[in-house]
Amino acid sequence: MSNKIQWGIIATGTIANKFAADFSRVGEGELAGIGSRFTDKAKSFAKKYGIKRFYGSYRELAEDPAIDAIYIATPNHLHHDNTLMCLDAGKSVLCEKPFTLNKDQTARCIDTAVKRKAFLMEAMWMRFNPAITRLMEYLSKSSIGDIVGIRADFGFSTPFDPASRLFNPGLGGGALLDVGVYTISLAVMILGKPLEIKSMAAIGKSGVDEENSVVLRHKGDRLSVLTSGFRANTSREADIYGTEGNIKLHAPWHRAPKLTLFRNESRKTIIVRKDTFAEKSQGLNNQVDHVIGCMKKGYGESPVMPWSDSLLVMEIMDEIRTQWGLRYPQEA
């Protein structure tokens, strides 16, 4: 592929707007199409971001032969069907997190990508931001010795609204799938598959988790202690602890503006490095550049956000919801 990758977006909500705003920083891609359930919304979105083509249905965008790749920005409960539709239309797909509602749905999407020989990736954009990249560099060099454990939280305060996607079980609502997925993806990226999962949740009156706490025990008795919710604002920091020091991802950790590396010296903790990252965007463009690079190399999946990790994260969240007794209407 020598020309710019032609991208389309499905849906026109908040995350779609952030994605489109960041796309101006993408090097080898062009935002060429927008699809919405309503033509007027698609037209307005296209005008706002200078997009040439707009459609009053998702399928019309998926079937546009001029589009190479599609970013799916619909609510959680639609990710599975929208991904399959785009893959069946021959498009490469970047699907907003969580990949789907459960592991079985994710597996079907991956099987279809293999069958269609199309690129597919969950949009866990956190993994492509500079602070996370630097973190993984430090860990690969054992900069804090052997990893002992992880602590991460992701909580924010929002008023109860039964119609909101956050509180609506029919839309795949709940804190776990909305923001807890970030903390679990971080734990999986660093410590791999857990051997044991323990969790508790505060289930709200709409039937979804509004707060939750999760503890994962990994090989070597290493622990990930994770919390997420939307009843209260939390520190939104993440700490990785090692035998010789620790690393802090400062708030908001999933797109941290700075990272601090501490070392244990003579029973004291000292700052060794404090790295800052002056991002002029939300950071969504970093993952697009990565996807384009993968497509140009002919990859079917990303080496940074591989299918195995997406499947594992979904498997963990399935088990967590099983412990709570929380099932979505689509799973009944």
### Message
When you compare the side chain of T112 with that of T83, does any pair of heavy atoms fall below 4.5 Å?
### Response
no
### Query
What heavy-atom pair brings G229 and A175 nearest, and what distance separates the two atoms?
CA-CB, 3.5 Å
### Message
Distance check, rounded to the nearest 0.5 Å: N82 atom CG versus C109 atom SG?
### Response
9.5 Å
#### Entry: salt bridge (charged side-chain N to carboxylate O under 4.0 Å, His left out) contacts touching residues 116-126 (sequence neighbours left out)
D88-R116
### Task
Taking the side chain as every heavy atom from C-beta outward, state whether L186 and W253 have any atom pair closer than 4.5 Å.
yes
### Query
Tell me the salt bridge (charged side-chain N to carboxylate O under 4.0 Å, His left out) pairs involving residues 215-225, sequence neighbours left out?
E196-R217, R217-D221
### Query
Is a side-chain donor-acceptor pair under 3.5 Å present for D318 with N102?
no
### Message
Quick one: does any side-chain atom of T183 pair with a main-chain N or O of G180 as donor and acceptor, under 3.5 Å?
### Response
yes
### Query
Which residues pass the ring pair (Phe, Tyr, Trp, His ring centres under 6.0 Å) test with F154, sequence neighbours left out?
Y182, H254
### Query
Under a 4.5 Å side-chain heavy-atom rule over Ile, Leu, Val, Met, Phe, Trp and Tyr, are M124 and V304 clustered together?
yes
### Flag side-chain contact, heavy atom, 4.5 Å: F230 against S164
no
### Task
Name all residues meeting the side chain to side chain donor-acceptor pair (under 3.5 Å) criterion together with S235; count only those two or more places apart in sequence or in a different chain, and write none if there are none.
D153
### Enclosure of D40 CG (heavy-atom neighbours >12, cutoff 6.0 Å)
yes
Taking only distance into account, with no hydrogens and no angle test, what donor-acceptor pairs under 3.5 Å do side-chain atoms of residues 56-63 form with protein atoms, sequence neighbours excluded?
residue, atom, partner, partner atom, Å
S57, OG, E60, N, 3.1
S57, OG, E60, OE1, 3.1

### Query
If you look only at pairs with a residue in residues 99-114, which of them pass as a salt bridge (charged side-chain N to carboxylate O under 4.0 Å, His left out), with sequence neighbours excluded?
K103-E315
### Query
Does K18 pair with E96 as a salt bridge, N-O distance under 4.0 Å?
no
### Message
So, using side-chain contact (heavy atoms from CB on, under 4.5 Å) as the criterion, who are the partners of V291 when residues are at least two apart?
### Response
W7, L94, F119, M121, M295
### Query
Is there a side-chain contact between D289 and F128, using heavy atoms and a 4.5 Å cut-off?
no
### Task
Output all residues satisfying side chain to side chain donor-acceptor pair (under 3.5 Å) with N246, sequence neighbours left out; order by chain, then residue number.
none
### Query
Are V225 and I184 in one and the same hydrophobic cluster, where Ile, Leu, Val, Met, Phe, Trp and Tyr link if side-chain heavy atoms are under 4.5 Å apart?
no
### Message
Contact between N264 and T269 at the side-chain level, heavy atoms closer than 4.5 Å - yes or no?
### Response
yes
### Message
Under the salt bridge (charged side-chain N to carboxylate O under 4.0 Å, His left out) definition, can you give me all pairs with a residue in residues 179-190, not counting sequence neighbours?
### Response
none
### Task
Check side chain to side chain donor-acceptor pair (under 3.5 Å) between Q287 and all other residues, then give those that pass, not counting sequence neighbours.
none
### Query
According to the ring-ring contact (aromatic ring centres under 6.0 Å, His included) rule, which pairs have a member within residues 76-100, sequence neighbours left out?
none
### Query
Crowded around M200 CE? As in, over 12 foreign heavy atoms under 6.0 Å?
no
### Message
Taking the side chain as everything from C-beta on, heavy atoms only, tell me whether K193 gets closer than 4.5 Å to H218.
### Response
no
### Task
Compute the centroid of each ring, for F45 and then for F54, and state whether the two points are separated by less than 6.0 Å.
no
### Task
Decide, yes or no, whether a salt bridge links D209 with R321 under the criterion of side-chain N to carboxylate O below 4.0 Å.
no
### Message
Take a 6.0 Å sphere around OH of Y299 and say whether it holds more than 12 heavy atoms from other residues, nucleotides or ligands.
### Response
no
### Task
Could you tell me whether the side chain of S36 and the main chain of T12 form a donor-acceptor pair under 3.5 Å?
no
#### Entry: Main-chain N/O of Q282 paired to D22 side chain as donor or acceptor, under 3.5 Å
yes
### Task
Please report the shortest heavy-atom distance between P194 and I197, naming the atom on each side.
CG-CG1, 4.1 Å
#### Entry: K52: partners by salt bridge (Lys or Arg N to Asp or Glu O under 4.0 Å), with sequence neighbours left out
E30
